[in-house]
**Student:** 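Shown below is the structure under consideration.
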2 protein chains.
Amino acid sequence: MVTMREVAERAGVTKQTVSNVVTGRVAVRPATEARVRAAIAELGYVPNLVARSLATGSTRTVGLFVPTVSAPFYADVVEEVEDALEERGHHLLLCTTRRDGERARRHLAGLTSRSVDALLIAGDQGLTGHLPLLADARFPVVLCAWEAPVPPGFPVVTIDYAYGGGLAGRHLRELGHERAVILASPAHSVRVEGFRRAFREDSPVHLAPAPAFRAGLDTALAALRAHPGATALFATHDVLAAAATEAARALGRSVPHDLSVVAHDDTPEGLLSRSTLTSVVLPKREMSRQAVDLALATPPGAVPPAPRLLLPRLVPGASTAPPGG
Amino acid sequence: MVTMREVAERAGVTKQTVSNVVTGRVAVRPATEARVRAAIAELGYVPNLVARSLATGSTRTVGLFVPTVSAPFYADVVEEVEDALEERGHHLLLCTTRRDGERARRHLAGLTSRSVDALLIAGDQGLTGHLPLLADARFPVVLCAWEAPVPPGFPVVTIDYAYGGGLAGRHLRELGHERAVILASPAHSVRVEGFRRAFREDSPVHLAPAPAFRAGLDTALAALRAHPGATALFATHDVLAAAATEAARALGRSVPHDLSVVAHDDTPEGLLSRSTLTSVVLPKREMSRQAVDLALATPPGAVPPAPRLLLPRLVPGASTAPPGG
DNA sequence: CTGAAAGCGCTTACAG
DNA sequence: CTGAAAGCGCTTACAG
């Protein structure tokens, strides 16, 4: 492996001068710089970032915790974060926690000894009990995609989930619907409340035990049978919306003629469904970028700025219509 | 940040002794070790892996290239690789290439200066043109989930995709089917050929422009209309299988009564479909573990072992039956 | 079993 | 604008 010293010898300068041209921190005379760059090219020199990290204290690496990468939402967040990081010259150390506190704890220890520059935690993964550990992390920790109550002391950039629920409720109301059922995941109570406030406080909610298709299908069937008068359904999750559509079909009700369905965070490609769903779309890209910026800008012990709430928007699709079509 | 030196002072030894107890490389007298451990605990000492990496040359970090994390197959691979890595005390640097050679090249440069211990590349991402760069990487590069012809010179652990196609063909044959259409992604020609050899060489294949639901649906509709006599369909991808099921339904054909559908690599939870699909299941976990082991065991300049081919298996579901039900 | 020395490859003030 | 020195926090032979 060729080092800075070898480049220096080749160019007839000292290694500090090589360092100066590589980092650009100190101006170097053009002629010298040219010699150095030539030597770098000839030798195929690549700076050793490990050595640089030891000297500077920055690894230009940030950790990201997500519960899983198998859910479309988190898959998107991972890619958005990666993009934002790459633009800033950083790399991504990925940790999937599987909502397992012990696993998260182990990863945190790993990131600590590895000296990442920051840690992003996406999704309130039932990790709140382990948060005290985070409080005295050596690097900034920023929380994002956080639907549960925000723990104090951490910078957070998340989505206004209640507002998103409200968008869905308002949409159905404007179409003239009066009765809707809610198909929700247990973790989505904020979306549910937002919907209820905008639509009707007493809208019945049916909880799917897991945000999975089968579970959603069973719950949706039960919900639609229990409330035959409902002309609309709000699903708090893309998979649940797909399941609801399927359930409606199984019951002989066509969407949107006999039932309007609005989803929360449908995948853009409509991967799961045949036609486009009317959906509350979450600003994942914006959230990821802001989280990265915040993480990289926050000094280690700084007092966290106020939580940032990004607004989702409603994208109309083919799954909603006035009651009766 | 507390360092080894401070621990040493506290314990009344030199830092080399602390190093010895931390690494366990050299035996230390029990009494001394106890004093050192006590000092470590009192001071909350955490070894600095950056410094260790500089001294040892190993970062205990491995890079993983996947085309995307949004496809269920790769999402699973990422989590399996992460698990295998964690068990071995390594961390995961994730790079999604988006099938973009330039992007991959940039990431490769990043990993090089960062001195990862190894790089895993999952999926022949049309990166073959960029492979020469990999040939003189400073760290072992192992290829996995590689359906295209394997470039020489690299260790590879992949799946016997042709065998998987064969399993699907044999299954349909044994059920008594005589005509089947194939719904395939352009990159899946190996699976297609495997199927044809086991089923019928002249089975018509319809290519979906992308492994996405909409594209699959259109192609499936066209395929089923073009071959009304087909009693079975082989989809080379889970999303395509879901689309095919949908297409059959749209044409008024029930699955499996009027049409048997076998998928290749359906997601275990059957996320995309209502009932379970008969599917060729890929050994992702085994592949990921072997790839990690290979990457961590292969000395930098070693001659690569022969490619390893792992066998998929067929898991019967509710989507196949003898022709006519 | 424990200590003194050199080194991993860089950066950072600090003189010239 | 360029060079000499010290240091980042560890590990690795090598003596004792």
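Order of the sequence lines sets the chain letters (A, B, ...), proteins ahead of strands, with each chain counted from 1. Predicted model only: the values in this text are computed from it and were never measured.
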**Student:** Reckon A/Thr32 has a side-chain N or O less than 4.0 Å from the OP1 or OP2 of D/dT2?
**Tutor:**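 True: A/Thr32 side-chain N/O within range (under 4.0 Å) of D/dT2 OP1/OP2.
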**Student:** Measuring to OP1 and OP2 of C/dT2, would you say a side-chain N or O of B/Arg29 lies under 4.0 angstrom away?
**Tutor:**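 Looking at the OP1 and OP2 atoms of C/dT2, one of them is under 4.0 Å from a side-chain N or O of B/Arg29.
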**Student:** Take atom CD of B/Glu9 and atom C1' of D/dG9, then tell me their distance rounded to the nearest Å.
**Tutor:**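 In whole Å, D/dG9 C1' lies 14 Å from B/Glu9 CD.
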**Student:** Pairs counted only when both distances fall under 3.5 Å, Watson-Crick or G-U: show me the 5' to 3' dot-bracket for DNA chain C, [ ] for pseudoknotted crossings and | for other-strand partners.
**Tutor:** |||.||||||||.|||
**Student:** Choosing from D/dT11, D/dG9, D/dT2, which nucleotide comes nearest the side chain of A/Asn20?
**Tutor:**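 The answer is D/dT2.
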**Student:** Counting only heavy atoms not in B/Arg5, do more than 12 sit closer than 6.0 Å to its CZ atom?
**Tutor:**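 Check fails, neighbour count at 12 or below.
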**Student:** Is B/Arg114 close to B/Leu93 at the side-chain level, that is, under 4.5 Å between some pair of heavy atoms?
**Tutor:**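 Of all side-chain heavy-atom pairs linking B/Arg114 with B/Leu93, at least one is under 4.5 Å.
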**Student:** Does A/Thr23 reach a base, just sugar-phosphate, or nothing at all? Heavy atoms under 4.0 Å.
**Tutor:**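 Since only primed, P, OP1 and OP2 atoms lie under 4.0 Å of A/Thr23, the category is sugar-phosphate.
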**Student:** Check whether any side-chain N or O of B/Thr56 sits under 4.0 Å from OP1 or OP2 of D/dT11, and answer yes or no.
**Tutor:**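 So the side-chain polar atoms of B/Thr56 never come under 4.0 Å of the phosphate oxygens OP1 or OP2 of D/dT11.
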**Student:** It should be established whether A/Ser53 places a side-chain nitrogen or oxygen under 4.0 Å from OP1 or OP2 of nucleotide D/dC8.
**Tutor:**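 False: A/Ser53 side-chain N/O out of range (4.0 Å or more) of D/dC8 OP1/OP2.
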**Student:** Heavy atoms only, 4.0 Å cut-off, all strands: where does B/Val50 land among base, sugar-phosphate and nothing?
**Tutor:**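 No contact.
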**Student:** Atom CZ of A/Arg114 and atom C1' of D/dC10: how far apart are they, to the nearest Å?
**Tutor:**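 Nearest whole value for this atom pair: 15 Å.
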**Student:** Round to the nearest Å and state the distance from B/Met4 atom CE to D/dT11 atom C1'.
**Tutor:**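 Those two atoms, CE and C1', are 8 Å apart.
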**Student:** I need the CG-C1' distance between A/Asn48 and C/dT11, as an integer number of Å.
**Tutor:**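 It works out to 13 Å between those atoms.
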**Student:** Rounded off to whole Å, could you give me the NZ-to-C1' distance for the A/Lys15 and D/dC8 pair?
**Tutor:**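 After rounding, the gap between these two atoms is 13 Å.
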**Student:** Ring-plane angle category for B/Phe65 and B/His107, please: parallel below 30°, perpendicular beyond 60°, tilted otherwise.
**Tutor:**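 Aromatic pair B/Phe65/B/His107 classed tilted.
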**Student:** What's the separation between atom CD in A/Gln290 and atom CG in A/Leu310, rounded to the nearest 0.5 Å?
**Tutor:**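 Between A/Gln290 CD and A/Leu310 CG, I get 5.0 Å after rounding to 0.5 Å.
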**Student:** Could you tell me the separation between the CD atom of A/Glu33 and the P atom of D/dC1, rounded to a whole number of Å?
**Tutor:**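 Result: 11 Å.
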**Student:** Closer than 3.5 angstrom, by distance alone: can the side chain of B/Thr97 be matched with the main-chain N or O of B/Arg99 as a donor-acceptor pair?
**Tutor:**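 Yes, B/Thr97 side chain to B/Arg99 backbone: donor-acceptor pair under 3.5 Å.
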**Student:** Below 4.0 angstrom from OP1 or OP2 of C/dG9, is there any side-chain N or O of A/Arg5?
**Tutor:**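 No, outside the criterion.
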**Student:** Among the nucleotides D/dG3, C/dT2, D/dC10, which one has an atom lying closest to any side-chain atom of A/Val13?
**Tutor:**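 Ranking D/dG3, C/dT2, D/dC10 by closest atom to the A/Val13 side chain puts D/dG3 first.
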**Student:** Where the side chain of B/Ala27 is defined as all heavy atoms beyond and including C-beta, which of D/dT2, C/dC10, C/dC1 is the nearest nucleotide?
**Tutor:**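 Within the option list, the nearest is C/dC1.
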**Student:** Keeping the roles fixed (side chain from A/Asn20, backbone from A/Val28), state whether a donor-acceptor pair exists under 3.5 Å.
**Tutor:**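 A pair under 3.5 Å: no.
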**Student:** To the nearest angstrom, how far is A/Leu54 atom CG from D/dA6 atom P?
**Tutor:**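 Those two atoms, CG and P, are 18 Å apart.
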**Student:** Side chain of A/Ala51 only, please: which of D/dG3, D/dT11, C/dC10 is the nearest?
**Tutor:**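 So the side chain of A/Ala51 is nearest to C/dC10.
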**Student:** Where the side chain of A/Val26 is defined as all heavy atoms beyond and including C-beta, which of D/dT2, C/dA4, C/dG9 is the nearest nucleotide?
**Tutor:**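 Given the options D/dT2, C/dA4, C/dG9, the side chain of A/Val26 is closest to D/dT2.
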**Student:** Between A/Glu79 and B/Thr68, do the side chains contain a donor N or O and an acceptor N or O under 3.5 Å apart?
**Tutor:**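 A donor-acceptor contact under 3.5 Å links the two side chains.
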**Student:** Sub-3.5 Å donor-acceptor pair from the side chain of A/Arg52 to the main-chain atoms of A/Asn48, do we have one?
**Tutor:**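 A pair under 3.5 Å: no.
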**Student:** Side chain of B/Gln16: nearest nucleotide among D/dC1, D/dT2, C/dA4?
**Tutor:**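 Side chain of B/Gln16 sits closest to C/dA4.
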**Student:** A side-chain contact here means heavy atoms from C-beta on lying under 4.5 Å apart; do A/Leu94 and A/Val66 qualify?
**Tutor:**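 They are in side-chain contact.
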**Student:** OP1, OP2 of C/dT11 versus side-chain N and O of A/Arg25: anything below 4.0 Å?
**Tutor:**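 Answer is no, no contact under 4.0 Å.
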**Student:** Could you check whether A/Val22 gets within reach of a base, just the sugar-phosphate, or nothing at all, counting any heavy atom under 4.0 Å?
**Tutor:**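 Nothing, no heavy atom under 4.0 Å.
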**Student:** Hey, is the side chain of A/Arg52 poking within less than 4.0 Å of OP1 or OP2 on C/dT11, counting only N and O atoms?
**Tutor:**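 For C/dT11, OP1 or OP2 has a side-chain N or O of A/Arg52 closer than 4.0 Å.
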**Student:** Could you check which of C/dC8, D/dC8, D/dT2 has an atom nearest any side-chain atom of A/Thr17?
**Tutor:**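 So the side chain of A/Thr17 is nearest to D/dT2.
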**Student:** Where the side chain of A/Val28 is defined as all heavy atoms beyond and including C-beta, which of C/dT2, D/dT2, D/dG9 is the nearest nucleotide?
**Tutor:**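 Per side-chain heavy atoms of A/Val28, the pick is D/dT2.
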**Student:** According to a strict under-4.0 Å criterion, is B/Ser19 in side-chain N/O contact with OP1 or OP2 of D/dT11?
**Tutor:**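 Checking B/Ser19 against D/dT11: at least one side-chain N or O falls below 4.0 Å of OP1 or OP2.
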